[in-house]
Amino acid sequence: MSGDSDCTRTSPSAGSPSDNELLPDRPKYVCSLSPDLVTKAREELQEKPEWRLRDVQALRDMVCKDYPSLGTCLDDAFLLRFLRARKFDYDRALQLLVNYHTCRRTWPEVFSNLKPSAIKPVLESGFVTVLPHRDPEGRHVVCIRPDRWTPSNYPITENIRAIYLTLEKLIQSEETQVNGIVILADYKGVSLSKASHFGPFVAKKVIGILQDGFPIRIKAVNIINEPRIFKGIFAIIKPFLKEKIANRFFLHGCDLNSLHQNIPPVILPEEYGGTAGKLDISAWNELLLASEEDFLHDFSQLVVPCDSSPHDMLVSGDADEKQCDDSLRGMKPQLYYCY
């Protein structure tokens, strides 16, 4: 992601030579999709290669017209992520882009000083990693292990920062933009005290980002080794989930055979009954940490305007937080009951 975010230098259309003279120098988009993925993108995402750059320009024009102070990157490759995530629906892609920036600006605990070196302790703990092999559908598997987190070491927001940077790295791949990702969450050893850190306010923020504020397609969420307490956790999460996403949650308990129906053993580590060797977090950690300069450059393109803010933002603020706190008080008895 790179390029000029100043809409005043962007032409309203890509038509005439005079318009093109006004365009800033941006990296020329070169499609990296295989022929099979081009076909898949056409069938599943309504992406037509012959119209791709026209669609990107249309979204760029909408940003410059409706959100001239959004402070976003306007490169073809960056905007294409949002079009693919919303199946080339211009209006929905634009709202996703606005939400993406709104989420970043309304949760400073997560997005301030966001870079791989800042979340190195989380990476070293093994809280989040990406399995080395994709599944048969070409999707990366993001493995999350809450039991690796010690709350006394750092707040839960550090875990969220690590997950967010992992997704940012993954979504750079056009293959991932088309295929989406799969999540594998291992809740082994999650206690009541640890679960209490994930209240409705945090849950709503995280779900808001994953559903409406980030250009990634989550195709399945596989929960393994969930204790009874997870019923309480899911009771907190579910009200914020859209039906389509809720239907993609699969609770396997301790049944590895059930997990293997969704994720084949050939790509799973031995810890989950797989044949891909021991779970190794070092390769992903090294890849993410080696991307430090890329992240610093990319995030520098996302300028926070000091004199204006986009309209139609996601709801946030004290009233929203109070409502979530009230919900948390109501949920705590459920957590104790399930425990």
Side-chain angles (χ1 to χ4, degrees), residues 1-3 5 63 67 69-75 78-79 81-82 85 93-123 125 127-128 130 142 144 149 151 153-172 176 181 183 197-216 218 237 240 284-285 287-318 320-321 324:
M1 165 184 20
S2 63
S5 60
V63 173
Y67 300 95
S69 299
L70 184 59
T72 187
C73 175
L74 293 173
D75 289 353
F78 181 72
L79 295 179
R81 302 175 186 179
F82 296 86
L94 177 62
Q95 190 59 57
L96 177 61
L97 179 61
V98 172
N99 290 352
Y100 173 85
H101 286 280
T102 302
C103 290
R104 294 178 63 89
R105 294 167 189 170
T106 57
W107 205 0
E109 296 88 348
V110 170
F111 294 103
S112 295
N113 191 37
L114 185 61
K115 56 185 179 181
S117 61
I119 49 95
K120 190 175 181 180
V122 184
L123 297 177
S125 76
F127 175 86
V128 60
V130 177
V142 178
I144 300 173
W149 171 49
N153 289 346
Y154 45 79
I156 191 172
T157 48
E158 291 300 295
N159 296 327
I160 297 168
R161 283 156 60 84
I163 293 173
Y164 191 90
L165 280 179
T166 293
L167 297 182
E168 282 280 6
K169 184 61 180 178
L170 290 175
I171 205 58
Q172 292 174 2
T176 297
I181 64 168
I183 294 175
H197 291 267
F198 195 71
F201 179 70
V202 173
K204 184 173 183 178
K205 286 280 194 179
V206 172
I207 297 302
I209 291 172
L210 296 179
Q211 287 190 145
D212 302 307
F214 196 85
I216 201 162
I218 300 176
I237 296 174
F240 308 126
W284 178 254
N285 288 356
L287 178 64
L288 204 58
L289 290 168
S291 304
E292 178 100 0
E293 292 301 319
D294 291 338
F295 277 117
L296 292 176
H297 176 268
D298 291 352
F299 291 161
S300 72
Q301 307 300 313
L302 308 179
V303 183
V304 179
C306 58
D307 58 346
S308 62
S309 61
H311 59 277
D312 293 336
M313 284 186 173
L314 292 176
V315 176
S316 61
D318 295 338
D320 200 32
E321 187 168 358
C324 288

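Predicted, not measured: the structure shown is a model, and the values here were computed from it.
Taking Asn153 as the reference, Thr150 meet the side-chain contact (heavy atoms from CB on, under 4.5 Å) condition, with sequence neighbours excluded. Listed by chain and residue number, nothing satisfies the ring pair (Phe, Tyr, Trp, His ring centres under 6.0 Å) test with Phe127 (two or more places apart in sequence, or in another chain). Taking the side-chain hydrogen bond (donor to acceptor under 3.5 Å, both in side chains) definition, one finds that Thr157 meets it with nothing, sequence neighbours left out. Shown here are the side-chain contact (heavy atoms from CB on, under 4.5 Å) partners of Leu210, two or more places apart in sequence or in another chain: Leu167, Val206, Ile218. Partners of Thr176 under the side-chain hydrogen bond (donor to acceptor under 3.5 Å, both in side chains) rule, at least two apart in sequence or in another chain, do not exist in this structure. Remark: Gln211 pairs with no residue by the side-chain hydrogen bond (donor to acceptor under 3.5 Å, both in side chains) rule, at least two apart or across chains.
For Leu114 against Arg104, the heavy-atom pair with the smallest separation is CD2-NH1, 4.4 Å. Between Leu96 and Ala85, the shortest heavy-atom contact is CD2-CB, 3.7 Å. The two residues Arg161 and Ala118 come nearest to each other via the heavy atoms NH2-CB, 3.5 Å. Between Phe82 and Ala93, the closest heavy-atom pair is O-CB, 3.6 Å. The two atoms that bring Cys103 and Gly213 nearest to each other are SG-CA, 4.2 Å, heavy atoms only.
Within the 4.5 Å cutoff, the side chain of Thr106 has heavy atoms near those of the Lys205 side chain. For the pair Tyr154/Ile119, no side-chain contact is recorded, criterion being any heavy-atom separation below 4.5 Å from C-beta on. Using a 4.5 Å heavy-atom threshold, the side chains of Val202 and His197 count as separate. Side chains of Tyr67 and His101 form no contact here, defined as non-hydrogen atoms less than 4.5 Å apart. Between Thr72 and Phe78 there is a side-chain heavy-atom pair separated by less than 4.5 Å. Side chains of Leu288 and Phe295 form a contact here, defined as non-hydrogen atoms less than 4.5 Å apart. Two residues are said to be in side-chain contact when any heavy atoms from C-beta on lie closer than 4.5 Å; Asn159 and Ile144 fail this criterion. For the pair Val130/Leu287, no side-chain contact is recorded, criterion being any heavy-atom separation below 4.5 Å from C-beta on.
Taking CD1 of Ile171 as the reference point, atom OG1 of Thr166 lies at 12.5 Å (rounded to 0.5 Å). Atoms CD1 and CD1, on Ile163 and Ile183 in that order, are 7.5 Å from each other to the nearest 0.5 Å. Atom CG of Leu165 and atom CD of Glu292 lie 9.0 Å apart (nearest 0.5 Å). To the nearest 0.5 Å, atoms CG (Asn113) and CZ (Phe299) are separated by 11.0 Å. Note that OG of Ser291 is 8.5 Å distant from CG of Leu289, once rounded to the nearest 0.5 Å. Between the CG atom in Asn99 and the CG atom in Leu94 there is a gap of 9.5 Å [rounded to 0.5 Å].
Between the side chain of Glu158 and the backbone N or O of Val122 there is no donor-acceptor pair closer than 3.5 Å. Counting only distance, with no hydrogens or angles, the side chain of Lys169 and the backbone of Trp284 share no donor-acceptor pair below 3.5 Å.
Centroid-to-centroid, the aromatic rings of Tyr164 and Phe111 come within less than 6.0 Å.
Cation-pi geometry between Arg81 and Tyr100 is not met: the NZ or CZ atom fails to fall both under 6.0 Å from the ring centre and inside 45° of the normal.
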Could you walk me through whether Asp298 and Glu168 pass side-chain contact (heavy atoms from CB on, under 4.5 Å), step by step?
CA-CA 10 Å; Asp298 291 352; Glu168 282 280 6; over 6 Å; no
